[in-house]
K.L.:
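Attaching a single structure in structure tokens format; questions to follow.
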Amino acid sequence: MSASPEPPAVAVIRPASAGQAAVDVRDLVKEFATATGTLLAVNGVSMQVYPGEVYGLLGANGAGKTTTLRMMLGLQRPTSGTVRIAGFDAAADPIEVKRSVSLVSSSSGLYQWLTPREIMLYLADLYGVPDDQAAARAEMLADLFDLRGFMDRRCAGMSTGQQQRVNLARSLMHDPPVVLMDEPTRGLDIVGSRRIFEYTAHLRQQGKAVIFCTHRLDEAQRLCCRFGLMFRGQLKLEGTLAELQRQTGREHLTDVFLDLMPPENSLAERQPVLPESGQP
Amino acid sequence: MNSGHYRRPEAATSAFRRLTRLALKECRESLRDRRTLATLLLMPLIVYPLLGMVVQRFAFSSVSAAVPEAVVVIHDRLVLDDARVMLAAIDETVTVPEQNSTGNDELLASGGVNPALPQIDLPLLKPGAGQVRPLLRVNLEATYALELIERGLREGVVDVGVALRPRPADAPQDVTNTIEVLFRTGDPISEAAAEEVAFRLREHRDAAIRSFLNRMQIGGDAMVKVRQQGLQSARKSESPLAAFVPLMLVLMTMTGAVYPAIDLTAGERERGTLELLMAAPVSRRQLLTGKFCAVFLVAVMTAVINLTAMMVTLAATGFDRVLLPQGIGVQMLLQVLLLLIVFASFFSSVLLSITSFARSFREAQAWLIPLMLVSLAPGILSLMPGVRLTAWLSLLPLVNIVLLGRELFQGIAPTGLFLLTLVATAGYSAAALRLAAGIFGSDAVLFAADRREQQRAPAQLLDFVPQRIMLGTLLALLPLFALLAGLRGRLIAPENTSGQLLLSAAVLLGVFVLLPMVALRLGRVNMATGFQLSRFRPAAVPAALLLGCTAWTAVYELLLLAGSGDTVQKIMDNPVLRQMVDRLTSNTSLPLQLLCLAVAPAICEELFFRGFLWNGLQSMLPGKFRPLLISTAVFAAAHVVTDASLTVERLPGTFMLGLLLGLLRLQTSSVVPGMLLHFCNNAVLLSLERLAPAMRAAGIALDVRNQQHLPGRLLVIAAVVAATGTLLVVFAAAKDRREGRV
């Protein structure tokens, strides 16, 4: 891979002239019906991500990150609000929106009985990539992700690292302008995580708009140009690290994040009162 | 790599080509899996020859070696020689040894026949059709006292006794001696042997009369000889094993499809590839059609391989002559193959719609075990020798396939029913595939776990019925309902009609209310919302009453118009229903009938079908009409089970009533108006006979029995009443919508 593993400069690549955001989300709301009424999984989220930008969508488990991503992917329909990807409206033109996005997730797997080439060509089929382009693209990605040695071997026998590389390569088969990454490093070792960092840097270099969803703030701080902090379905804070530092007066992203959490009794205060032993 | 921002790949591949490629990938994936290949190839290649060998060894050897023998002993009032002549006279091949003695005491002591002592084995003169008949072993070693013979019969040492009852001295001239053939009742060997002995004795008597008449030269022709002569017929008696062949083929086809079906649906989830598919710009229907093609292909391959292996095995073991009266013909094979292909498509889509629910391989397998068991039931039904394919049965999935398969193998399948079965099965297949496409990768399935997590957090009751709870209850309920309906006659004597009625109401309550209640409680679901006991507009009450009183006229007229007039007739003529109605109307009071046959079904069935089941369906299927149609279909199917027998004729009528009840629930968002409608409908039907005089007085004569249309005056009144009810419902619903209550 040609990209450097160095942390990117935290300069915002948001040329005003570029104008159109690759991801443009406005007032996104997702409700689930429950016994108590409605549960607002996502409550009025708006954000813009520009080409060549890595946007860190941060939040604790259950904050609504994944639901937001799913709505961008067209897997779930928003209760209200709009999603525009690469200029296409998700409600009006869902097929084009799906065509413009790719998903990388730690939970995605491979077809064990197919070879990397077959998987990549299958995905190209799903995305409607013409045959000649698909073949050329598979070759190019095989070089890029160093898949040459096992392009025509079944995935069943591959190492975790090889499978991860195949997974990253297949995500770019249709050359999408937007890549959504949902906890991409979960469960990966150092080498695996590093590969994700390189991949992200590569995407940025390619001018893709990337949304990097994670609860690991160290990774986010290292990779992302801009951050959105979600809490209980709402986007509470947004900006570059410098902007966040200015807004909150905190130096570390972790502290900024913890400020959002509800005050919780400390462990010592919650210590249960145990009966003293030896007393009748 | 150039940065291809917003460069849209051309949509060059046509829909068909894409579909082919999707299918190709699924096939590739399935067929590369060794487990698929194992069920596909190894199973039939090993199972059939093994099965053939085993059956041949046991079935044939046991039939030929173990022809049972029946011991025949003779009364000491008979002259042994005479008896011997009587029994053997019609069979010239038997040479009778000369011997005469009495040995009363030795009979029991020797435990029956002493093989060293002389006796004759008489071959059978009347070869029975299919049943095993004994060889007669006539003990000519001695004659025995009557008491001893009777004791021997009771103790099982003797199978048949031939006794003489001489005519009493004072009897009139025309009373003759009687020869009694004694046997043990309930013992098939003894009974068959006694029949044979009696036949021989009658033959002997006829021969004696014939020769006497001849000697006297008077009308010897009056005593004609009766001889049985068997003729070869194209229509051979069916072997009870004949249905086993199609059943086996169907079951094997099923096993072939199971693995790929799970792998391509639940497997996608388990591998983490489902989300990728869902994120791709392809419709779920296209994806699922691709998967269907693969499962279908594997199922068809399994069917072909199984059919081939089975036919080869049958031919090699010689079973084909026993099981297939027509032999193995090309046309028959092609027809069976066509049947199996259609079945494969049906079962593949049913499988896909079930496995699409599952989150993992293991869960899918757990879902499929009940399906396989349920599938066995119609298979076993079709093993019964008397069951033939009818128009109704050819609409019943799976039963139609097995029955038709059997008739094809026998060469007696009617072409019309063959086509009807194919069309019906293909229709079911398409419906199941649509259902599967709705379920596969749907929000509810894909993110059910998240949703549950989000909702479980506050220790609150759920206000929807989760699909697992509904499906689990349904699976437990159907067999339970059928069983209890059958056991009812055992628990309380059929003569006790009041007890029967109360018990049937109790069964309804237990099965349709208590069981779902337990399920809702276990699943922590709010009872009121689970059963859809919601508030409704007051206007719905008169509406339901009006509709309930007139529903039967509409159902009846629709059945007539649809040309199903004979359905009405069939319901009228159905012996089970008829008997039930007669029993009920004859000796129970109307209030009790109303309680058990109108109030109880109205409450219990509405709570279940339009409440629990509907809400469960709604939580897993999009739209309003799928829950409506499916719950109605289940409602209608449940009414087919009557007193442990099936009355398929009831299906269309109950379906229409169910549809009406469903629409009412849809409009009022509550089951309570449906209860009222259901009650009125049942109550009117129950009291129709009692109302007849009053109606006649009003100038309305009912003649339902002869498929007559209802009197015009009645229809007009009914139409006006029903229209008023409908308008009330529609207005109430519109008001609800305006106020945003729905």
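Within every chain, numbering begins at 1; the chains are lettered A, B, ... in the order of the sequence lines, protein sequences first and strands thereafter. Computed over heavy atoms, backbone and side chain alike; hydrogens, waters and symmetry mates excluded.
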K.L.:
Applying side-chain contact (heavy atoms from CB on, under 4.5 Å), run through B:Val282 and A:Lys98 and close with a yes or a no.
P.N.:
CA-CA 9 Å; B:Val282 186; A:Lys98 284 185 168 183; over 6 Å; no
K.L.:
Answer whether the closest heavy-atom distance between the side chains of B:Leu287 and A:Leu126 falls below 4.5 Å.
P.N.:
yes
K.L.:
Taking side chain as everything from C-beta outward and backbone as N, CA, C, O, which of these in B:Asp33 sits under 4.5 Å from a heavy atom of chain A? Side chain, backbone, both or neither.
P.N.:
both
K.L.:
Against chain A, label B:Gln286 side chain, backbone, both or neither, depending on which of its atoms sit under 4.5 Å from a heavy atom there.
P.N.:
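The answer is neither part of B:Gln286.
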K.L.:
Count the heavy atoms belonging to other residues, nucleotides or ligands that lie under 6.0 Å from CE of B:Met527, then report whether that count exceeds 12.
P.N.:
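Yes, because the 6.0 Å sphere around CE of B:Met527 holds more than 12 heavy atoms from other groups.
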K.L.:
Got a donor-acceptor contact below 3.5 angstrom from the B:Lys25 side chain to the A:Leu123 backbone?
P.N.:
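Between the backbone of A:Leu123 and the side chain of B:Lys25 there is no qualifying donor-acceptor contact (under 3.5 Å).
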K.L.:
In terms of heavy-atom proximity below 4.5 Å to chain B, should A:Ser100 be classed as side chain, backbone, both, or neither?
P.N.:
neither
K.L.:
Please tell me if the side chains of A:Trp113 and B:Arg28 come closer than 4.5 Å, counting only heavy atoms from C-beta onward.
P.N.:
no
K.L.:
For B:Arg521, does the CZ atom have more than 12 heavy-atom neighbours from other residues, nucleotides or ligands under 6.0 Å away?
P.N.:
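For B:Arg521, atom CZ is not crowded (no more than 12 foreign heavy atoms under 6.0 Å).
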K.L.:
Looking only at heavy atoms, what is the nearest atom pair of B:Arg32 and A:Leu114, with distance?
P.N.:
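Here B:Arg32 and A:Leu114 meet closest at NH1-CA, 3.7 Å.
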K.L.:
For chain A, which of B:Asn526, B:Thr529, B:Leu277 has the most heavy-atom pairs under 4.5 Å?
P.N.:
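With the most close heavy-atom pairs to chain A, the winner is B:Leu277.
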K.L.:
Between A:Tyr127 and B:Ala280, what is the shortest heavy-atom contact and its length?
P.N.:
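For A:Tyr127 versus B:Ala280, the nearest heavy atoms are OH-CA, 3.6 Å.
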K.L.:
Look at B:Leu24, B:Leu276, B:Val525 and state which one has the largest set of heavy-atom pairs under 4.5 Å with chain A.
P.N.:
B:Leu276
K.L.:
Count the heavy atoms of every other residue, nucleotide or ligand shown that sit under 6.0 Å from CZ of B:Arg285, and state whether that count exceeds 12.
P.N.:
no
K.L.:
Kindly indicate whether the side chain of A:Tyr111, heavy atoms from C-beta on, has any atom under 4.5 Å from the side chain of B:Glu26.
P.N.:
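A:Tyr111 vs B:Glu26: side chains apart.
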K.L.:
Can you tell if the side chain of B:Glu275 reaches within under 4.5 Å of the side chain of A:Leu73, non-hydrogen atoms only?
P.N.:
no
K.L.:
Check each atom of A:Leu110 against the heavy atoms of chain B and say whether the ones under 4.5 Å are side chain, backbone, both or neither.
P.N.:
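Contact with chain B is through the backbone of A:Leu110 alone.
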